[in-house]
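Heads up: the structure comes next, in structure tokens.
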Amino acid sequence: MNNENQLVYDVTDIQKILGLSRSKVYLWLEEVYKAKFPFRVIKIGKLYKIPKDSFDKWIDGNCES
């Protein structure tokens, strides 16, 4: 999460940002992935990658439609 050139977050990054448990983050990201809202989630097998721009806009209050 310290890399300014980072393009995506992973589950560990989201955990640290939001202060949630790993299992809670996985459950929530699966819901966001299926709904395609309020930010983008990329699923590769069992891995979740969250585009930094999309997540940062959401956390700043600028949700995607």
Side-chain angles (χ1 to χ4, degrees):
M1 193 163 60
N2 296 331
N3 186 351
E4 289 183 21
N5 296 325
Q6 181 176 354
L7 296 176
V8 295
Y9 291 128
D10 60 20
V11 171
T12 304
D13 295 325
I14 301 300
Q15 270 185 271
K16 290 176 184 174
I17 292 167
L18 299 178
L20 298 172
S21 71
R22 189 170 188 82
S23 59
K24 181 70 85 177
V25 171
Y26 270 106
L27 290 171
W28 181 57
L29 289 178
E30 181 63 25
E31 290 175 19
V32 173
Y33 174 74
K34 288 178 181 176
K36 299 181 182 174
F37 184 82
F39 53 86
R40 288 183 58 220
V41 174
I42 300 166
K43 189 173 180 183
I44 305 166
K46 293 182 179 183
L47 297 176
Y48 291 96
K49 299 294 179 182
I50 300 88
K52 188 177 183 302
D53 285 348
S54 180
F55 184 82
D56 289 348
K57 284 179 186 174
W58 171 75
I59 203 126
D60 289 338
N62 301 315
C63 294
E64 294 180 351
S65 301

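Values in this document were obtained by computation on a predicted structure and should not be read as measured data.
Here the closest non-hydrogen pair linking Tyr33 and Val41 is CD1-O, 3.3 Å. Residues Val8 and Gln6 share a closest heavy-atom pair of O-NE2, 2.5 Å.
Within 6.0 Å of CG on Leu7 lie no more than 12 heavy atoms contributed by other residues, nucleotides or ligands.
Residue Ile59 holds its CD1 atom at 6.5 Å from CD1 of Ile17, rounded to the nearest 0.5 Å. Annotation: the span from Ile14 atom CD1 to Phe39 atom CZ amounts to 6.0 Å, rounded to 0.5 Å.
Residues Asp13 and Phe55 fail the side-chain proximity criterion, which asks for heavy atoms closer than 4.5 Å. Using a 4.5 Å cut-off on side-chain heavy atoms (C-beta onward), Lys49 and Asp10 make contact.
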Would you mind writing out the side-chain donor-acceptor pairs for residues 18-29 within the sub-3.5 Å range, not counting sequence neighbours?
from: Ser21; atom 1: OG; to: Ser23; atom 2: OG; distance (Å): 3.4
from: Ser21; atom 1: OG; to: Lys24; atom 2: N; distance (Å): 3.2
from: Arg22; atom 1: NH1; to: Thr12; atom 2: OG1; distance (Å): 3.4
from: Arg22; atom 1: NH1; to: Gln15; atom 2: OE1; distance (Å): 3.2

